Structure formats: structure tokens, C-alpha cells
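Being a predicted model, the structure only gives us computed values, none of them experimental.
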Amino acid sequence: MGVDIFFVISGFLITSLILKDIENNNFSMISFWERRARRILPPLFLVVGFAILTGVYLLLPQDLVQLGKEIGSQSLFSSNILFTKQGGYFNVAADLKPLLHTWSLAVEEQYYVFFPISLFIIYRFLGTRYFAFLSLGLLFSLILCLVFTTIQQRYAFFLLPFRAWELLAGAILATGFIRKPENKTLSLIVSAIGACMLGFALFFYDKSYNFPGIISLLPVCGTVFIIWANSQTQPTALFKILSLKPIVFIGLISYSLYLWHWPIFVYESYLENIYSEFHTYTAPIMFISSFLLAWATYHFVEQPVRRKTVFASRRSIFVFSFIGLVLMGSFGGLTIYKSGFPQRFSEDTLRLANADKNSNPKRDECDQPSIDRIHRSKVCQFNATSGKPSFALWGDSHADVMAPLFEKLAHKYDANGFVLTARGCKPILHMENPDKTFKYNCIRDNQAFFELIKRENIREIFLVGLFSDLLGTDTTNVEMGDWYARYKDTYKDVRLAAFANTLDLLIENNVKIHIQIPFPVADKDPHRVLALRKRFGIDTDYSIPRNEFDAILDEGMKVIIEHYQDKVDFINPSNILCDASKCMTEKDGEVLYYNAT
């Protein structure tokens, strides 16, 4: 939500300055970019320098490579494009990206490459009719945003064409074509409505929402209302509150605060891999540190550069900016080329750190096959040279990481089987992934997997998945139908009923079923924890308390075990991984986990 507010304010302020220069016949792109360079780059270089120094000391090679990619892309103000390729803002790896927050700065700078000169040309040729062009641009961008939020949410979140409408909302307000409020009562009402809209978004929006989309209209419109209502000569009560010295101070240091807060959070989170109780003591320190660093940056970097106490000439600030951006790009490229400088670590540390590379080597080829491949039974097979497939592995990402083991067993026992895996999709019919941002069609693909099992006369099936969240009467991610009538008296929980229906259909087709009970889940990626603790000489034991593993066994799964214990073979990994008090994440120097789950 903060980004939406920031875009509107930026569009309003920068457009106001551009229009003032155009109307006074002294607009210059060189002058505009000089102001941008003085405003944006010196604090950015400082924070990037901090990220580099801290990262070189602390980050594992693969994580330093990620930092190199972020710095390299931001040297071209294109980090938003990088993050679009890597996943959503709220994905699991977000807290491993020290410069993730620079995506919004990249969007803003991309916008200001095209907008000022476009506005200048339109103004010169069309005069005041440029308002219509801005309005059409806003409408077009908004429609793109609404459409792509539902079909390619990452694009809508990170990329300029889908975010430009928020900047244009502020720009249109700056044109003055929307008449200022003529009486104080109207200003008070509109200002209060705007404040309520922002307050609602602040307290009730969370990462479960499919953002930006239609819900972003609330913070954008709320910001527009507040700016418009307070554009009259008589200030509203909200304006007086926003004019209080503490709030003005936060506004002054806001850019530096924006730059500092995220790297501090990421590195603190990273240190939690070494000291598990670190966050307990550092939360207030992080908060205070962010403000102190922002204040210092504002006074000792931002102000001197903008007042031309340093880099007084235009040439000097452009040379400084060019050198800084080249150094950023060079560090990024060299870090990627050198694979994160692994020579910083011992062989034992690197062996632990590289355990995250022990995933399924055939994942890209075999996981989430197209619906056409499933219908034609052209999915991957284990030991394909050994006759007709007789078994299948069916499941989500947990099944995918088990695929190499099944490959070995298939060769050992001269058997052949199908790989029916789709990350994010439990092997349960009629059930969709509850994540609103998830784009794969689990119901369609699982039904196709089941039809393949019947069509190919598969006699043995291994169901592997994160079997949790099976309780509850919420049907939002369950496709209800005639199948439920058979179970409604036995299972009030519809997801349990869907699981039971899947098992019954397999049993009715004479399929022998094996279900792997979920693995214990760690709170951090074991390979990273173990490697960092080895690196810094901390106790390398990182185990999962047995009671936490027992707790992950969903109550719904217990019901399934109770009802099907005579019909289904349940495989419990705790028999191998756990003793009475804890479950292993590492054995004989080998990490047993690809990631935390």
C-alpha cells in the first residue's frame, strides 16, 4: 500500500514542477535529470555500498549472486524486471533479497524517462488539451492492471505499464483541471473519506490479496482525495495533523528511510540463521537504526548534494552518477561471473551451502506437465526402458523432490512408473490451491492425472504432498458437486471429503495406495542455517523438536489415517528422521532438506 501512496505523491509533485517549468518556458530535460540525480543517486549509492560490504562478509555464494543480480539490474534501473522473472513480492525468498524494495524506484525512474518529454511535446502542440491524453493514459494503464492482476499478477505488480496509472493519478491532480474545493466543509468531508480509505487499506490489507488489481484503487483514491481536499488555502484538520513537526520530519527523511529499512531487515533476518533468538533482541534496534541512518543520510548526504555544497556543478554530479552506476553494474556482473566468490568459505561450509542445489534435476522437464501431455500420457517416466508403467508418483512439490529417489528405486527393481507432480497442487481431486495468486489449475490437472491412472491401468500409486489445512467448512478452494453427497454425513470438512473421495476412487479402480505422511517442517532453510553456523563456528546442530513434527500432523490427516488404515499403506518418515526428542535435518555431514519444507 505504501508504494501506491508514494506513486501518487510522486506523480503529483514531479508533474507540478515540470508544468511550472514548461509554463515559464525554462523546461530542460538536462535540468530535470540533474535534479533527479541529486535527489536519487547519492543516498542509493550509500545504501548499495552498505549492502555490498555486509553481503561480501555475510552472504553465502548463491545469496551473494542474488545480491549481484539486484545491484547490476538497478544500475540500469531495471530491478523491477529482474524481480518479475524471479517471483512475487511476497514469495518465500523475499527476505533474502536486500534490494527488493528498489523495484518501485526502478518503476518511477522508467516513468520519468518518458513522461517529462512527452508532456512537454503534448503541451507545446495541444496546449491545455494534454489533460485528455493523461486521462486516456491513466484509463489504459488501469485496465491493463486490472486484467493482468488476474492472469499475470507479477507483471501487474512490478512493471511500469501496469503501475503508470497511479503516477498519472497524481499527475492529473497537478494539472489543476480538477477544480480545487471551494468551501471548507467539502474539503473536510473529502479529506476524512480519504483518510478512512487509507486507514482501511493499512489495517485490513495483507499479502493474501491479489495485488494490485481493483483493491489498489482504495489507497490511490484515498491519497488523491487527501491531496485534492488540502489544495485550498484554508487547511483542513488532517492537513494540520500532517503538518506537525514529527510527521514533517518523517516526510523529510522518507526517501532515505525507504532505502535503509529493507536491507537492515534482510540482514537481520539472515543473522537469525546463525542466532535463532536474534530477532527477540533486535526488533527495536532495527527500528531505531533505520531512523538514525535515514536522518544521517538526509543531513549529511541528501542535503549537501541538493544544496550544491558538494558536486556544485552539473558536470560533477553527472560524472559522479555515471561512475557510481558503472561501479554498481561492474560489481553485479563480476559477482555473477565469479559465482558469489565461493573462496570466501571453507569446503565444509560450501558443501552444506550447496545442498540447496540437490533438487530434482528433471524438475523443469517433468513437473507441471501441460494438459496436452497429460491427455496423451506423454508425461515423464521413471526407468522408461523397463516396459509398461505399473506405478505412479502423484503429488505436489514434496513429490517432486522425492522423484530422484523413485528414479533410483525404479532402476533397482526394474520397474517403470509415471511422474505426476505439480508444485502447489496436493494430489486431491476437486481441490484448488487456496493461494489467490497461484496460477496453475490444480482441479483440472489432478483430474487429468486421475484419468491417466485409469487409462494406463496403473496398479500402484504413491501420494506425496503437504497434507495440511484439511479441516474446515470453507468451500472457496473446493469444487463442490454430486460427489459430496456420499460424504457429507461422514465428513463435515469438505477438504477431508475431497481427500476421501480421491482415495475411494483409486480403491474402486483396484489401485494399491501408499501415502507419505508429510516431513517435519523447519522454520529456516537447513542448508543455510548449517552452512552459516559452520562458517562462524557456532554449534552446527539444527534439528526440529519432535513435538513440532507431531504438531504438523494435521488433525484432518489423523482422521484419514483412522478411516483408511486398513485400506491404505501410510509411510511415516519420522521413523527414520526422528528420535523421541528431535528430528534430523542433517546426517553424517549431508543436509537432508532441499529447503525448509
Side-chain angles (χ1 to χ4, degrees), residues 3 6-46 74-80 102-131 133-135 137-138 141 160-161 163-177 227 251-252 254-256 258-259 297-298 301-326 328-329:
V3 169
F6 164 74
F7 281 156
V8 175
I9 295 173
S10 174
F12 175 76
L13 294 176
I14 302 301
T15 304
S16 298
L17 294 173
I18 295 172
L19 285 174
K20 182 179 178 181
D21 286 345
I22 292 175
E23 291 166 357
N24 292 332
N25 292 313
N26 62 359
F27 173 75
S28 164
M29 279 300 294
I30 298 295
S31 297
F32 175 81
W33 275 104
E34 180 188 354
R35 290 198 300 267
R36 295 302 294 171
R38 290 184 182 278
R39 170 80 171 112
I40 298 297
L41 294 179
L44 176 64
F45 292 157
L46 178 63
Q74 191 58 17
S75 71
L76 300 173
F77 290 105
S78 60
S79 64
N80 59 323
T102 61
W103 76 267
S104 58
L105 183 60
V107 168
E108 188 188 25
E109 296 314 301
Q110 291 162 16
Y111 175 81
Y112 289 124
V113 166
F114 303 104
F115 179 75
I117 191 64
S118 301
L119 182 60
F120 174 77
I121 294 171
I122 294 170
Y123 186 92
R124 285 302 183 208
F125 283 95
L126 298 175
T128 57
R129 284 177 291 178
Y130 68 85
F131 175 79
F133 280 84
L134 296 182
S135 300
L138 183 152
S141 175
L160 173 61
R163 288 289 194 165
W165 70 276
E166 298 178 321
L167 289 147
L168 288 170
I172 288 173
L173 204 57
T175 63
F177 282 97
I227 295 173
L252 290 173
S254 61
Y255 175 58
S256 291
Y258 150 82
L259 287 177
T297 303
Y298 173 75
V301 178
E302 285 194 62
Q303 288 295 86
V305 176
R306 294 172 70 180
R307 291 174 178 172
K308 300 185 179 181
T309 306
V310 296
F311 304 118
S313 69
R314 177 178 291 170
R315 177 185 175 85
S316 63
I317 188 62
F318 280 158
V319 170
F320 170 74
S321 301
F322 177 76
I323 292 174
L325 292 173
V326 168
M328 284 175 59

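Within a 6.0 Å sphere centred on CZ of F318, heavy atoms belonging to other residues, nucleotides or ligands number more than 12. Other residues, nucleotides and ligands contribute only 12 or fewer heavy atoms inside 6.0 Å of the CZ atom of F322.
Taking CG of N80 as the reference point, atom CD of Q74 lies at 8.0 Å (rounded to 0.5 Å). One finds the CD atom of E302 at 9.0 Å from the CG atom of L252 (value rounded to the nearest 0.5 Å). In this structure, F27 CZ and L17 CG are separated by 11.0 Å, a value rounded to the nearest 0.5 Å. The distance from the CZ atom of R307 to the CZ atom of R38 is 13.0 Å, given to the nearest 0.5 Å. With rounding to the nearest 0.5 Å, the separation of CD1 in I9 from CD1 in I14 is 11.5 Å. Considering OH of Y112 and CD1 of I18, their distance stands at 6.5 Å, rounded to 0.5 Å.
Between F6 and E108 the shortest side-chain heavy-atom distance falls below 4.5 Å. Side-chain contact check for S31 versus R314: some heavy-atom pair is nearer than 4.5 Å. When side chains are defined from C-beta on, I40 does not count as touching W33, because their heavy atoms never get closer than 4.5 Å. Inter-residue side-chain proximity for L325 and L41 is flagged as met; some heavy-atom pair is nearer than 4.5 Å. Under the 4.5 Å side-chain criterion, counting only non-hydrogen atoms from C-beta, R163 is in contact with W103.
Judged purely by atom type and a 3.5 angstrom limit, Y111 has no side-chain atom pairing as donor or acceptor with the backbone of A164. Remark: the backbone N or O of F114 is paired with a side-chain donor or acceptor of S118 at under 3.5 angstrom. Under a 3.5 Å cut-off, the side chain of S254 and the backbone N or O of G251 do form a donor-acceptor pair. Using a distance-only test at 3.5 Å, with no hydrogens or angles considered, a donor-acceptor pair links the side chain of S313 to the main chain of S316.
Under the 6.0 Å cut-off for aromatic ring centres, F115 and F32 do not qualify, their centroids lying 6.0 Å or more apart.
None of K308, R315, R306, R39 except one satisfies the salt bridge (Lys or Arg N to Asp or Glu O under 4.0 Å) rule with E34; the exception is K308. Under the side-chain contact (heavy atoms from CB on, under 4.5 Å) rule, L168 has a single partner from T15, L134, V8, which is L134.
Between P43 and V301 the shortest heavy-atom distance is N-CG1, 3.9 Å. A pairwise comparison of heavy atoms in V305 and F311 identifies CG2-CD1, 4.2 Å as the closest pair. Of all heavy-atom pairs between S78 and A106, the closest is N-CB, 4.1 Å. Pairing each heavy atom of F131 with each of I172, the nearest pair is CE1-CG2, 3.3 Å. For the pair V113 and M29, the tightest heavy-atom approach, listed with the atom from each and the gap, is O-CE, 4.3 Å.
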Determine, stepwise, if the pair L46 / T297 fulfils side-chain contact (heavy atoms from CB on, under 4.5 Å). CA-CA 8 Å; L46 178 63; T297 303; 3.6 Å; yes
F120 vs I117, test: side-chain contact (heavy atoms from CB on, under 4.5 Å). Steps then yes/no. CA-CA 5 Å; F120 174 77; I117 191 64; 4.3 Å; yes
Evaluate Y123 against T175 for side-chain contact (heavy atoms from CB on, under 4.5 Å), listing each step before the verdict. CA-CA 11 Å; Y123 186 92; T175 63; over 6 Å; no
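The aromatic rings of F177 and Y130 lie perpendicular to each other, with more than 60° between the two planes, well past the 30° mark. The aromatic rings of F320 and F45 sit perpendicular to each other, their planes meeting at more than 60°, with 30° as the lower class boundary.
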